[in-house]
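From a predicted model like this one, the values you see are computed outputs, not experimental measurements.
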Amino acid sequence: MRNSGPLLFLGLLALAALAVFAFSRGSDFDRSPLGNKGLESWLQAKGIPVVRSDPHVARAHSEISLRIIPLSIGRSEAVAPQANGEADDAGPESPIRESNRYALPTLIILPKWRGSVSTDGVASKSGLVDLADIGSELDRIGYSDFGFARSSTDFEEARPQLNPGQPIKIALYQTQTFERSSLPSGWEELAGTASGALLLRGEDDPNVYLLSDPDLLNNHGLALADNASFAVSLVTLLCGAGEKRPVYLDTAGLPLDSEKPVDEGRTYERSASDFKRFFAYPLSVIWGVLLVVAAICFWRGAYRFGPALPEASANTKLSKTAAIDATARLLRLSGNDGRMTGQFVLHLLADKAQLVFGPGAGNEAGIERLFQRLARRDQAAAKALHSSAQALIDRGHRMTRADLHRNLEIFRKSLGSIDLGSR
């Protein structure tokens, strides 16, 4: 237990490193109640492919059927679409301009909750953003003069029909809608509740759709009533029936490219300074863990097993010396007790008889049969072995030490010079 401290420290360090790499902030948001991981998994389960935005991959407009852009007050700088005249000044990176250029359906989801991650998992009015902030967000992307309202009840249910004859009951907490009386001209309501409009489509930008309440598509909202079915119906309506291209869940607002992305590995010029990236965070954590592991392994090996052994030749010499000493000690022990010597010789002959004739031959008859076999091969050697063995078995306890050692030596040499053969 006294040596378990370094190992415990190493285990805790390894767990900390795993936690750093396994859970990123992006993953936290995706799997939080306000994230979109549930929408991605649900659509894929219904046979609708989904791809997510990636800063290292440029998506071509021809590869996707629908672009979904969830806005957030905390992340609004990353997604900045412009509308109408302002889209011309925004350049080709504007999602709204791209939707018009490529006739690409684009669903923009307005923000509702403060921050990007709900920590307590309990919805409350204190977490809602101000309606004025939502209006400012729409002004920033080029859409103005919208009014917003929230229901007076905590939960509101409605049955918007995106498709005729398909009644779906949705449920929303503090439903956030567009005020119908304040809708600018040129906007058509596609779905709504008693308190206001939920989904709008613009006449000037016919491929742009605005969804007022993100709880219809985020993780916790999909678990309420038939919100999940509404999400599938909405995506199917905007994509078009029979569409096989994936839905693009764009959380970064990256520009689309009509061509395949260029292979950066072929055009990137590397220099010696790039080597520093191998030691930047989070790779520095990996190198630190490896150094700690190596230090503990070297320390543990030196502390437990001691210094290195001599070279191979010295080891061989040492092993031979140890074997000679062990044999000498056994001979001394057997020489001090004649009865033990006789038993040793008898058991050894019985083992040899079983080795030659098989199990069951380790008795007096088997030993006699062994001597007969040896005599047919070398009568003199067999006679010497038999006489020395018989003397040790019958009279070993009465022999002097000199006679005992002499007979043991004769027995050893005779047994070693005879080839027992095989069965």
Side-chain angles (χ1 to χ4, degrees), residues 34 68-73 76 79-87 94-96 99-100 105-114 123-218 221 224-227 230-231 233-235 237-238:
L34 307 183
I68 300 178
I69 304 178
L71 298 182
S72 172
I73 298 296
S76 58
V79 181
Q82 300 291 332
N84 301 333
E86 297 187 16
S94 168
I96 293 181
S99 70
N100 294 329
T106 301
L107 176 64
I108 298 177
I109 306 175
L110 301 186
K112 179 179 179 180
W113 300 95
R114 296 187 183 278
S124 62
K125 295 181 180 180
S126 61
L128 297 171
V129 300
D130 294 334
L131 296 179
D133 293 338
I134 303 176
S136 300
E137 186 70 12
L138 277 179
D139 289 339
R140 190 186 61 79
I141 66 176
Y143 294 136
S144 58
D145 299 331
F146 284 92
F148 301 93
R150 289 202 179 103
S151 62
S152 57
T153 58
D154 287 344
F155 277 93
E156 181 180 1
E157 295 183 354
R159 296 182 179 272
Q161 291 190 7
L162 293 176
N163 298 319
Q166 186 184 15
I168 296 176
K169 183 179 70 174
I170 63 173
L172 296 170
Y173 174 78
Q174 291 288 312
T175 308
Q176 179 175 288
T177 58
F178 297 100
E179 288 184 341
R180 292 188 175 95
S181 60
S182 65
L183 288 181
S185 60
W187 287 92
E188 174 189 4
E189 177 183 348
L190 299 182
T193 67
S195 58
L198 286 172
L199 181 65
L200 299 180
R201 178 183 180 182
E203 294 180 358
D204 295 333
D205 300 317
N207 296 300
V208 177
Y209 300 84
L210 298 180
L211 182 64
S212 63
D213 199 317
D215 289 350
L216 281 169
L217 301 181
N218 58 23
L224 302 176
D226 296 331
N227 292 4
F230 178 86
S233 299
L234 174 61
V235 171
L237 174 65
L238 300 187

**Report entry** Non-neighbouring partners of Glu157 that pass salt bridge (Lys or Arg N to Asp or Glu O under 4.0 Å), sequence neighbours left out
**Finding:**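 Testing Glu157 for salt bridge (Lys or Arg N to Asp or Glu O under 4.0 Å), a comparison that skips the adjacent residues, returns none.
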**Report entry** salt bridge (Lys or Arg N to Asp or Glu O under 4.0 Å) against Asp145, all qualifying residues, sequence neighbours excluded
**Finding:** none
[X] [atom1] to [Y] [atom2] distance, which is reported to the nearest 0.5 Å:
X      : Y      : atom1 : atom2 : result
Trp113 : Gln176 : CH2   : CD    : 9.5 Å
Ser185 : Asp204 : OG    : CG    : 8.0 Å
Thr106 : Leu210 : OG1   : CG    : 10.5 Å
Leu110 : Asp133 : CG    : CG    : 12.5 Å

Requested in this report: Walk me through it: do Thr177 and Thr175 pass the test side chain to side chain donor-acceptor pair (under 3.5 Å)?
Outcome: CA-CA 6 Å; Thr177 58; Thr175 308; over 6 Å; no
Considering non-hydrogen atoms only, spot the tightest contact between [X] and [Y] and give its length.
X      : Y      : result
Gly192 : Glu189 : CA-OE2, 3.5 Å
Pro160 : Ala191 : CB-CB, 4.0 Å
Ala197 : Ser212 : O-OG, 3.5 Å

Can you sort out the partners of [X] under side chain to side chain contact (heavy atoms under 4.5 Å, CB included), two or more places apart, ordered by chain and number?
X      : result
Thr153 : Ser151, Glu156
Leu183 : Phe146, Phe178, Leu200
Asn227 : Ile170, Leu172, Leu216, Leu224, Ala225

Query raised in the report: Please walk me through it: do Lys112 and Asn218 pass side chain to side chain contact (heavy atoms under 4.5 Å, CB included)?
Result: CA-CA 11 Å; Lys112 179 179 179 180; Asn218 58 23; over 6 Å; no
Requested in this report: Output, in order, the C-alpha distance, side-chain angles, deciding distance and verdict of side chain to side chain contact (heavy atoms under 4.5 Å, CB included) for Arg159 and Ile168.
Outcome: CA-CA 5 Å; Arg159 296 182 179 272; Ile168 296 176; over 6 Å; no
Taking the side chain as every heavy atom from C-beta outward, state whether [X] and [Y] have any atom pair closer than 4.5 Å.
X      : Y      : value
Arg150 : Leu131 : yes
Leu198 : Asp213 : yes
Phe230 : Leu199 : no

Requested in this report: Output all residues satisfying ring pair (Phe, Tyr, Trp, His ring centres under 6.0 Å) with Tyr209, sequence neighbours left out; order by chain, then residue number.
Outcome: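 So Tyr209 forms no ring pair (Phe, Tyr, Trp, His ring centres under 6.0 Å) with any residue.
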Requested in this report: Let me see the working for Ile108 and Ile96 under side chain to side chain contact (heavy atoms under 4.5 Å, CB included), right down to the final yes or no.
Outcome: CA-CA 10 Å; Ile108 298 177; Ile96 293 181; 4.2 Å; yes
Query raised in the report: Just by distance, do the side chain of Glu188 and the backbone of Arg201 share a donor-acceptor pair under 3.5 Å?
Result: no
